[in-house]
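Input: a single structure, listed below in structure tokens.
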Amino acid sequence: MYYPEEVIEEVRTRNDIVDIVSQYVNLKKKGANYFGLCPFHNEKSPSFSVSPGKQMYYCFGCGAGGNVITFVMEYENYTFVEAVKMLADRAGIALPEVEYSKEARAQADLKNTLLEINRLAANFFYYQLKQPSGKVGYDYFKEKRRLTDDTIRHFGLGYSSKVPDDLYRYMRSKGYNDDILKETGLFFIDERGARDKFWNRVMFPILDVNNRVIGFGGRVMGDGEPKYLNSPETKLFDKSRNLYGLNYARLSREGYLLICEGYLDVISLHQAGFTNAVASLGTAFTSQHANVLKRYTDQVILTYDSDGAGVKAALRAIPILKEVGMSIKVLNMKPYKDPDEFIKKYGRERFAMLLDGSADPTEFQLKKAAANYDLRDSAGRLNYLKDAIDILARKGVTPTARDVYAGRLAEETGVGKKAILEQMNDVLRSTQRRDRRKEQRDLAGQGNAADIRVPYSAGGDAALGAASAGRQLIAALLQSPEKIPYVRQRLNMDAVALPEMQEALRAIFRCADEQLPVNITSLQQMLDDKPMAEVNRAQAVNAGHPLQQKDIDMYLERLDNAKPISQTVKGTTDDQFLSAFSKLRKEKGAADPPQSD
């Protein structure tokens, strides 16, 4: 699909990348750039960099990179056109009608087809719930969970029957073939036949914030395993970046969100009037989840189950939420297990009162740490004191809070407040030194990434050198499109290590053939996710580092000299092969095998 280059450029320049990324990621300025936790992989220390000068982002942890349009595509799982439309609407830019390329049309059609199949599947499961065969599921929702018909309809709850290929046969009757059905994550399809992934389960459609069905969760009826089953990751569904119920919760006027453990906690809370509840999707709470929530609020209350697993989940989530700048409270529902059980016992009003009195997260962490030790024993008090100081030295705890809690710790343990504060300051200084070392390593990593142009030695590094050379050629041609004819004439495409890089280079050549601008914008309209990721990585690591003719010659020479091992040994004698193999083993640090007599 093609928009005029000047339109794309206007959309890009009128959407500052720092402003856009800040809506998703908590960024902090360090030098000329901004850093935060990467929204595309789970991490504890920030390695995600945004450059306002270059209007680019790059993660030194996972390699994600690109411009503002790429970021919206990656984060929102949008197509190129969807991302451009969103940014154009934000900037008040009127877009012309788009002209679709063959590749872009195929990509958009695939996504729309998967969404349509998911919609049909959700309707199918809802219909099955109301049939005689779905009575076990309906009774579970109505009798055991006390859900109303309005709630069941609101969340589109359903049932997958005991017939193991029920949904598959329905989809085939709608004209969908196995190739497309494999992409949905709803079926197991192999040479032995096809069967449904979900059967004999109550079903929970998972919707994105735009109310599109992107996946499913299912709870087994009976004693089967696993008890809960979720859709695998697909072109539509990424469980680490979606939260159940967020499509409704984001519209709440409460000003804060409730984070629960499971589907039914969310549904029960919404039915009781707490429409600001969400849950992670069958996975531990991650920094990506925190970044998603940060878009809608900076206040959350953790309402995890009060059992051991729920307490551990809350303790894991607290530092992740603090890292993105969230204000946190923790709900104590003991002796009741979860919000659903509490509300059934005491009702909505008592639960609202409980929310008003929810605990400060530091208070919650200290109570749980104290519960691990016998404070009547000297060793127990010292161990508790060590854990407590570590908790108070973490990010998000104010100096005033540290002073108050130090006084309380002194009373609990019999250790002087002054000694506790001195020990706390030692831990704080140690943490600061560790953070500085981490920052220095990150900066060194940036230097290494930018210095990738250095020639590689021959021999064992050939494959790595060839891969890097292919990526560097992409960067060089983006910087100097006039070099395309020269590179095209000399390049042995078969020597380019990755198929994704080959696709990217062919797209660059196609831009030249069709007299299109050779830039990220044009390539985004031609390439799928994987080759586009290589383009973004190539541009990001070379931003601010002009590549010259001698660099291009070096990359081409590197590719000419790089041959697969199969070609290297082809035609050699046995002695030559064994000699080469022995040399390779020594390079890898392995000893030669003992000689037989």
Compile the donor-acceptor pairs under 3.5 Å between side chains in residues 127-137 and protein atoms, sequence neighbours left out, one pair per line.
residue, atom, partner, partner atom, Å
Lys130, NZ, Tyr126, OH, 3.4
Gln131, NE2, Tyr127, O, 3.3
Lys135, NZ, Asp139, OD2, 2.6

Contact list for residues 17-27, test side-chain hydrogen bond (donor to acceptor under 3.5 Å, both in side chains), sequence neighbours left out: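 As it turns out, the side-chain hydrogen bond (donor to acceptor under 3.5 Å, both in side chains) pairs with a partner in residues 17-27, which skip direct neighbours, are Tyr24-Glu76.
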
Output the distance between atom [atom1] ([X]) and atom [atom2] ([Y]), rounded to the nearest 0.5 Å.
X      : Y      : atom1 : atom2 : value
Ser240 : His41  : OG    : NE2   : 11.0 Å
Phe216 : Phe125 : CZ    : CZ    : 5.5 Å
Ile259 : Leu331 : CD1   : CG    : 12.0 Å
Ile152 : Gln271 : CD1   : CD    : 8.5 Å
Tyr159 : Asp166 : OH    : CG    : 10.0 Å
Asn200 : Met221 : CG    : CE    : 7.5 Å

Answer yes if the side chains of [X] and [Y] hold a donor-acceptor pair under 3.5 Å, and no otherwise.
X      : Y      : answer
Asp403 : Thr400 : no
Tyr336 : Asp305 : no
Thr286 : His289 : yes
Asp150 : Thr148 : no
Ser327 : Asp298 : no
Asp16  : Gln55  : yes
Arg12  : Asn67  : no

Is it the case that Lys197 places NZ or CZ above or below the six-membered ring of Phe187, under 6.0 angstrom from the centre and within 45 degrees of the axis?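 Pair Lys197/Phe187 does not count as cation-pi.
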
Kindly state each residue pair satisfying salt bridge (Lys or Arg N to Asp or Glu O under 4.0 Å) with at least one member in residues 247-258, sequence neighbours excluded.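 Qualifying pairs: none.
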
Side-chain contact, heavy-atom cut-off 4.5 Å: Gln299 with Leu257?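 No, side chains not in contact.
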
Heavy-atom count check: over 12 atoms from other residues, nucleotides or ligands less than 6.0 Å from Lys386 NZ?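 No, not enclosed.
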
Heavy atoms of other groups near Lys345 NZ, more than 12 under 6.0 Å: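 For Lys345, atom NZ is not crowded (no more than 12 foreign heavy atoms under 6.0 Å).
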
Would you please test Ile267 and Phe141 for side-chain contact (heavy atoms from CB on, under 4.5 Å) and show each step? CA-CA 11 Å; Ile267 293 167; Phe141 285 136; 5.9 Å; no

Assess whether a salt bridge exists between Asp377 and Arg381, defined as any Lys/Arg side-chain N lying under 4.0 Å from an Asp/Glu carboxylate O.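 The answer is no: the pair does not qualify as a salt bridge.
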
Write out all pairs satisfying ring pair (Phe, Tyr, Trp, His ring centres under 6.0 Å) with one or both partners inside residues 373-425, taking only residues at least two apart or from two chains.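 Applying ring pair (Phe, Tyr, Trp, His ring centres under 6.0 Å) to every pair that reaches into residues 373-425, excluding sequence neighbours, yields nothing.
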
Lys111: what forms a side-chain hydrogen bond (donor to acceptor under 3.5 Å, both in side chains) with it, not counting sequence neighbours?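 For Lys111 the side-chain hydrogen bond (donor to acceptor under 3.5 Å, both in side chains) partners, ignoring immediate neighbours, are Glu82.
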
Quick one: closest heavy-atom pair of Asn291 and Val25, and the distance?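 Taking every non-hydrogen atom into account, OD1-CA, 3.5 Å.
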
Near-ring test Phe48/Phe60, centroid separation under 6.0 angstrom: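 No: the rings miss the under 6.0 Å criterion.
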
Side chain to side chain contact (heavy atoms under 4.5 Å, CB included) involving Ala88 - partner list, sequence neighbours excluded: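 With sequence neighbours excluded, Ala88 shows a side chain to side chain contact (heavy atoms under 4.5 Å, CB included) to Val11, Ile93, Leu95, given in chain and number order.
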
